[in-house]
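A short write-up of the structure that comes next.
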Amino acid sequence: MKDQKILHLINKEKTRQREYVELIASENYVSADVLEAVGSILTNKYAEGYPNARYYGGCEFIDQIEQLAIDRLKKIFNAKFANVQSHSGSQANQGAYMALLNPGDKIMGMSLTSGGHLTHGFKVSSSGQFYQAQAYEVDPKTHELNYETILAQALKFKPKLIICGASAYSRIIDWGEFRKIADKVGAYLLADVAHIAGLIVADQHPNPLDFGVDVVTSTTHKTLRGPRGGIILTNNEELAKKIDKAVFPGIQGGPLEHVIAAKAIAFGEADTKEFNQYIENVCLNAGAFANEFINLGAKVITNGTDNHLFLVDVKTSYDITGQRAEDLLLRANIVVNKNTIPFDKLSPSIASGVRFGTPAMTTMGWNQDDFIKLTVIIDKIFKTNDNKFADLQKGQVKEIGKKYHE
Ligand code: DSN
């Protein structure tokens with residue numbers, strides 16, 4: 001690379017990614033093939049439109065690449081229709097909303113503090129500004145979804161769209177219950193499976209398409225372990241046509257075909273026994289990780305996890321904020337994100353919780369034993385709440401991951 005400034009920074013980031021323990025639940029390490037496709041000459045090509053119906057010449061090979069991505073995605077999700085052009089998960093949601101709604105329509109999604117996403121109707125997001133949004137919460141006692149109270153709220157609010165799916169919810173989502181609620185109020189149902197897409201593909205979480213969910217959106221870079229990007233799926237032909245129109249030309253121009261090629265590769269990788277085993281390990285590791293926190297006396301939201309992530313209430317458990325916890329762990333080469341917990345009194349920029357996830361370190365080969373050892377160190381760091389002590393834990397943290405770097 002000729003640009004020495006950028007090269008220098010990329011190399012610094014490469015070292016950071018190798019030396020830090022990555023526990024951000026939405027991050028992962030992609031394969032060399034995915035990386036190669038993202039950095040390929042496909043980035044040179046404009047291809048507005050869809051395979052065999054483009055607004056630019058010379059799309060012969062691009063068409064085949066995008067069609068492969070579509071076909072592979074349909075196969076792994078057992079879906080009838082797929083759009084692979086969304087640049088991100090947020091744009092997948094934006095595209096799906098444009099296909100299903102008119103400005104001003106009512107939508108209902110999970111609140112940010114209960115574990116929902118900004119694009120599920122939060123006030124600062126376009127989803128909260130273009131549509132009349134009302135948030136549902138998790139149950140105040142169990143912190144799990146309470147389908148009865150969501151139904152009662154939906155009957156009152158009468159949304160045109162109900163959004164299910166989350167960014168920080170550690171339990172199985174019952175798509176069937178959501179379908180019943182949507183049917184009772186005559187609403188469309190959208191499942192945003194960005195976090196659990198890999199689990200669905202590997203049969204570790206039910207597939208919303210098996211329960212009649214109208215539209216499924218996702219990112220491709222979390223548990224699915226592909227490049228950064230978005231996708232939209234449906235089994236409804238009419239909706240599929242509307243979705244294609246909404247994505248292009250509705251909200252996007254030229255698709256990122258280098259990213260679409262990388263998506264195709266990741267979908268192929270996800271269609272293997274090795275990927276199923278990987279996802280099983282991701283979930284086993286998360287279970288062991290959460291249980292060790294509980295054994296050490298910490299408060300884990302919902303008292304455990306069914307998936308790849310969980311939240312620790314660090315305010316109640318250790319009398320520190322999520323921000324302080326994040327800062328302390330960074331000193332020990334551990335990367336997490338502070339996260340609000342259900343009914344959090346602190347703002348998202350300080351937060352009372354930390355979100356822990358296992359997808360990235362499981363890709364690096366970590367097992368349950370490694371996560372248990374790490375929990376003991378994290379627990380001590382939080383209990384001690386001292387910068388110097390946190391700094392000193394770096395060596396022990398490195399020791400756990402050492403065998404995977406040799
Ligand atoms: N999806 C969010 C996360 O879980 O990190 C980012 O938007």
Side-chain angles (χ1 to χ4, degrees), residues 17 20-30 86-97 109-128 133 135 138 163-171 173 190-200 205 208 216-232 251 259 263 266 279 282-283 286 289-290 301-302 305-312 322-323 325-326 329-330 334-342 344 347-363:
Q17 288 193 14
Y20 282 66
V21 173
E22 181 53 73
L23 300 177
I24 293 179
S26 48
E27 293 187 13
N28 214 328
Y29 300 109
V30 299
S86 297
H87 299 329
S88 69
S90 294
Q91 286 203 290
N93 283 343
Q94 210 182 346
Y97 299 162
M110 198 181 203
S111 84
L112 207 57
T113 50
S114 278
H117 190 252
L118 284 171
T119 57
H120 297 178
F122 194 59
K123 54 185 183 298
V124 297
S125 146
S126 65
S127 62
V138 288
I163 302 152
C164 47
S167 281
Y169 185 70
S170 59
R171 294 299 179 183
I173 298 172
L190 180 148
D192 177 343
V193 301
H195 266 268
I196 52 171
L199 278 67
I200 291 168
H205 191 291
V216 173
T217 59
S218 183
T219 52
T220 46
H221 48 273
K222 297 184 175 96
T223 49
L224 208 43
R225 209 164 55 179
R228 305 195 74 81
I231 48 173
I232 310 178
I251 60 164
V259 177
K263 286 175 181 171
I279 290 292
V282 164
C283 297
F289 197 6
I301 301 299
T302 77
T305 178
D306 296 328
N307 57 30
H308 61 299
L309 64 78
F310 60 93
L311 293 167
V312 173
Q323 179 66 66
E326 186 184 304
L329 292 187
L330 207 54
I334 301 168
V335 194
V336 295
N337 67 284
K338 58 183 174 274
N339 213 101
T340 47
I341 54 171
D344 207 326
S347 75
S349 59
I350 303 171
S352 298
V354 169
R355 187 180 63 166
F356 290 98
T358 54
M361 296 322 288
T362 306
T363 294

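Remember, it's 1-based here, ligands and their atoms both numbered in the order they're listed.
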**Report entry** side-chain hydrogen bond (donor to acceptor under 3.5 Å, both in side chains) evaluation trace for His120 with Asp192
**Finding:** CA-CA 9 Å; His120 297 178; Asp192 177 343; 2.8 Å; yes
Query raised in the report: Any idea which atoms of ligand 1 are less than 4.0 Å away from a heavy-atom of Lys222?
Result: 1 (N)
**Report entry** Ligand-residue contact atoms, ligand 1 with Ser167, heavy atoms, under 4.0 Å
**Finding:** 1 (N), 2 (C), 4 (O)
Query - Non-hydrogen atoms of Pro359 and Thr223 that approach each other most closely - result: CG-CG2, 3.9 Å
Query raised in the report: So, Ser125 versus Ser127: side-chain donor-acceptor pair below 3.5 Å or not?
Result: yes
Query raised in the report: Is it the side chain (CB and beyond), the backbone, both or neither of Arg355 that lies under 4.0 Å from ligand 1, heavy atoms counted?
Result: side chain
Query - Any donor-acceptor N/O pair, Thr363 side chain to Asn28 backbone, under 3.5 Å - result: no
Query raised in the report: So do Pro208 and Ile173 actually touch side chain to side chain, heavy atoms under 4.5 Å?
Result: no
Shortest protein contact, [atom] (heavy atom only):
{"atom": "atom 6 (C) of ligand 1", "value": "His117 NE2, 4.0 Å"}
{"atom": "atom 5 (O) of ligand 1", "value": "Ser26 OG, 2.7 Å"}
{"atom": "atom 4 (O) of ligand 1", "value": "His195 NE2, 2.5 Å"}

